[in-house]
Amino acid sequence: MGSNETSAPSNFIRHIIDEDIAAGKNGGRVATRFPPEPNGYLHIGHAKSICLNFGLARDYKGTCNLRFDDTNPHKENMEFVESIQNDVRWLGFSWSGKVYYASDYFEQLYGFAVELIEKGLAYVCDLTAEETRAYRGTLTEPGRDSPYRSRSVAENLDLFQRMRAGEFADGARVLRARIDMASPNINLRDPTLYRIRHGVIHHQTGAEWCIYPMYDYTHPISDALEGITHSICTLEFEDHRPLYDWVLDNISVPCHPQQIEFSRLNLQYTVMSKRKLTQLVDEGFVEGWDDPRMPTIAGMRRRGYTPASVRDFCDRIGITKSDNTVEMSLLENCVREDLNVNAPRRMAVLRPLKVVIENYPEDQVEQLDCANHPQDESMGSRQLPFCREIYIDAEDFREVPPPKYKRLVAGGEVRLRNSYVIRCDQVIKNAQGEVIELRCSYDPATLGVNPEGRKIKGVIHWVSARHAVEAEVRLYDRLFSVPSPDAAAAKEGKDYKDFLNADSLRTLTRCYLEPALGEAGAGELFQFEREGYFCLDAQRSANGGAIWNRTVTLRDSWAKIEQQGD
RNA sequence: UGGGGCGUAGCUCAACUGGCAGAGCGACGGACUCUGACUCCGUAGGUUCUAGGUUCGACCCCUAGCGCCCCAGCCA
């Protein structure tokens, strides 16, 4: 849990709630709900909604229900039901009471439909889907009444009962609200309330029903039945609010929740629609819903994001009604800020270059005591073996250094982090002229102290070649090569998948880690000094070795300097 | 050419409902440093979508435009 779990920043929804409380509305009670459909994994956009709804309950001493909006069994399943609960819990929230399902209300929903029929406000319509569309009219032209609109109450009651009894085939009839086919709001042109779906096994209700209620009908009633006070959803449902209110105004429910809409989150260099994420998974563009490149909660967890960092992010982006696309750097800042404080330091060499310290005794090994965190003594220390052969990162040596380079160069000196100062005496190359090994010498007087009379500017990380543990390291980059894949696709007449970043995953094998990392457990996070933050994957590599996922790099001002030099 | 929304710094959001337009992130510069990290200090960046109007005074109120998003599932 985060260190400073205060209440979230204010926003227009909190203003509304403040006013409601001041006015004594709902007896000062605040009840929200998070209503996902179990047809996919939760993503960072859902996290925004979760933090909002559960955060409201937390800050106003109210309640927040977890309710599955499970009215379309064709697309839903238990894997999603379970992953969603998992992800909400992981984010650090607990729902009030039991887990709710819209399907819990199927019987009541049916009863309210009968009530609407009896009031002459709903009718069974025999139009096909195509005919219904044709009768609906267009954005600029009104629709026409269905020929079945004026059926008698008795006939509607009989037909609806027989729909439930399974007498009619899929698509043969639907139950529709009787509102206004000429409404400028298309959602009010006699929307469908129930459709027939034979042969699907619902994950909660099995084969009990062959008619299923629609979202627009189910949602307001579920909210009212649960005594929700503020029903918060995203902007695209704004047009549906009159229908939400119409349903509640015309049936006998105990209360009338207020629907409030806010804008969904867009994040640069990724996509957020469940349809697209499903496609990336199903068509194998990523390894699964929890692929660390995915903007899913499961993916971010596997990548090494912490719950606190995700919550912090959600607090910082705010809640408004404006369309928005948040920069990836904000998300990255949130993880770095958390991990900088909480992740123990370790050393790992990702692109090994052998270094032999020729003046160090062949059979000697020193155990160096190293702080686990430079600013936090309470994190303790660990032993780090040092010997004659070590590995450094190939990037930390240049035969011909670029300007401002302050790592190891031929004939130059550098500080080995937590250890001695060494000087490069000889560069050994293979037949192709590639540097394959360095011969160095160390200054025994530089352990824990700076050398006399000269300033060593560079500090590089290293591991003992004799003691290192080997591992696979996966470096992740943005999933897409453009900030807004959807916009780019639309503009260039391509598919969003055409903008997938081919280098979003770089796998490094034969990386060498300091021995202490050999004892890490799955999910553990460390800062590999000078490289970034890394998380041990629960999976093992093909040869049974450890896999470390890079959560995020360290901020890298050298990369900028280097780029400017080019 | 219907209906519903939204326009404040590069990005995301504030601005006590009419009283000197701010913050976080990012960018740039510097200090410090056994992580080119962290931390610290500083700088730049605004016609508040535009044009009128009301007012002593407008991001806020009024009028007219402009731009962008959403809606024609028996999806949610």
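Each chain gets a letter, A, B and so on, in the order its sequence line appears, and its residues count up from 1.
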Classify the nucleic acid contact of [X] as base, sugar-phosphate or nothing, counting any heavy atom under 4.0 Å across all strands shown.
X: A/Leu330; answer: sugar-phosphate
X: A/Pro374; answer: base
X: A/Asp556; answer: sugar-phosphate
X: A/Arg316; answer: sugar-phosphate
X: A/Lys457; answer: nothing
X: A/Thr71; answer: sugar-phosphate

Does one side chain, of [X] or [Y], offer a donor that lies under 3.5 Å from an acceptor on the other?
X: A/Glu226; Y: A/Tyr105; result: yes
X: A/Glu79; Y: A/Tyr41; result: yes
X: A/Ser231; Y: A/Arg33; result: yes
X: A/Asp190; Y: A/Tyr135; result: no

* Structure fact -> On a heavy-atom basis, the closest approach of A/Ser103 and A/Gln204 is OG-CB, 3.5 Å

* Structure fact -> Whichever of A/Ser263 and A/Tyr405 has the more 5' nearest nucleotide on RNA chain B, that residue is A/Ser263

* Structure fact -> Heavy-atom nearest nucleotide on RNA chain B taken for A/Tyr194 and for A/Phe528; more 5' hit belongs to A/Phe528

Sticking with atom [atom1], work out how far [N] lies from [M], rounded to a whole angstrom.
N: B/rG3; M: B/rG10; atom1: P; result: 34 Å
N: B/rC68; M: B/rA31; atom1: P; result: 47 Å
N: B/rC16; M: B/rG22; atom1: C1'; result: 14 Å
N: B/rU1; M: B/rA15; atom1: C1'; result: 39 Å
N: B/rC61; M: B/rU54; atom1: C1'; result: 8 Å

Of the options [options], whose atoms approach the side-chain atoms of [X] most closely?
X: A/Val459; options: B/rC34, B/rG7, B/rA76; answer: B/rC34
X: A/Lys455; options: B/rC34, B/rU12, B/rA37; answer: B/rC34
X: A/Arg345; options: B/rU12, B/rU35, B/rC38; answer: B/rU35
X: A/Asn333; options: B/rC74, B/rG26, B/rC34; answer: B/rG26
X: A/Thr320; options: B/rG36, B/rA76, B/rA14; answer: B/rA14

Name the pairing partner of [N], where a pair is Watson-Crick or G-U wobble with both distances under 3.5 Å, or state none.
N: B/rU39; value: B/rA31
N: B/rG2; value: B/rC71
N: B/rA64; value: B/rU50
N: B/rG22; value: B/rC13

* Asked: Yes or no on salt bridge (charged side-chain N to carboxylate O under 4.0 Å, His left out) for A/Arg550 and A/Glu531, after CA distance, side-chain angles and deciding distance?
  -> CA-CA 9 Å; A/Arg550 185 174 69 193; A/Glu531 287 288 356; 5.3 Å; no

Quick one, [X] and [Y] - any side-chain contact, counting heavy atoms below 4.5 Å?
X: A/Pro451; Y: A/Ile456; answer: yes
X: A/Phe528; Y: A/Tyr533; answer: no
X: A/Ser263; Y: A/Thr320; answer: yes

Is there a side-chain polar atom (N or O) of [X] under 4.0 Å from OP1 or OP2 of [N]?
X: A/Arg195; N: B/rA76; answer: yes
X: A/Ser329; N: B/rC25; answer: no
X: A/Asn324; N: B/rC13; answer: yes
X: A/Arg530; N: B/rG36; answer: yes
X: A/Arg197; N: B/rC75; answer: yes

* State whether the distance check finds a donor on one side and an acceptor on the other, under 3.5 Å, for side chain A/Gln527 versus base B/rU35. => yes

From [atom1] of [X] over to [atom2] of [N], roughly how many Å is that when rounded to an integer?
X: A/Phe12; N: B/rC59; atom1: CZ; atom2: P; value: 24 Å
X: A/Glu261; N: B/rC70; atom1: CD; atom2: P; value: 16 Å
X: A/Ile179; N: B/rG3; atom1: CD1; atom2: P; value: 19 Å
X: A/Ile456; N: B/rG36; atom1: CD1; atom2: C1'; value: 16 Å
X: A/Asp393; N: B/rU35; atom1: CG; atom2: P; value: 17 Å

* Asked: How should the glycosidic conformation of B/rG73 be described, syn or anti, under the criterion that syn lies within 90° of 0?
  -> syn

* Structure fact -> Per the glycosidic torsion and the 90° limit around 0, nucleotide B/rU17 is syn

* **Among A/Glu529, A/His373, A/His461, side-chain hydrogen bond (donor to acceptor under 3.5 Å, both in side chains) partner for A/Arg345** => A/His373

* Evaluate whether atom NE2 of A/His74 has more than 12 neighbouring non-hydrogen atoms of other residues, nucleotides or ligands under 6.0 angstrom away. => no

Give each protein N/O atom lying under 3.5 Å from an N/O atom of nucleotides 27-31 of chain B, with the pair distance.
from, atom 1, to, atom 2, distance (Å)
B/rA27, OP1, A/Lys560, NZ, 3.0
B/rC28, OP2, A/Lys560, NZ, 3.3

* Could you label the plane-to-plane angle of the A/Phe237 and A/His240 rings as parallel, tilted or perpendicular, counting under 30° as parallel and over 60° as perpendicular? => perpendicular

Tabulate atom names and distances for all N/O pairs under 3.5 angstrom spanning the protein and nucleotides 71-73 of chain B.
from, atom 1, to, atom 2, distance (Å)
B/rA72, O3', A/Arg136, NH2, 3.4
B/rA72, O2', A/Arg136, NE, 3.1
B/rG73, OP2, A/Arg136, NH2, 2.7

* To do: Mark yes or no for whether A/Ser83, through its side chain, and A/Phe80, through its backbone, hold a donor-acceptor pair below 3.5 Å.
  => yes

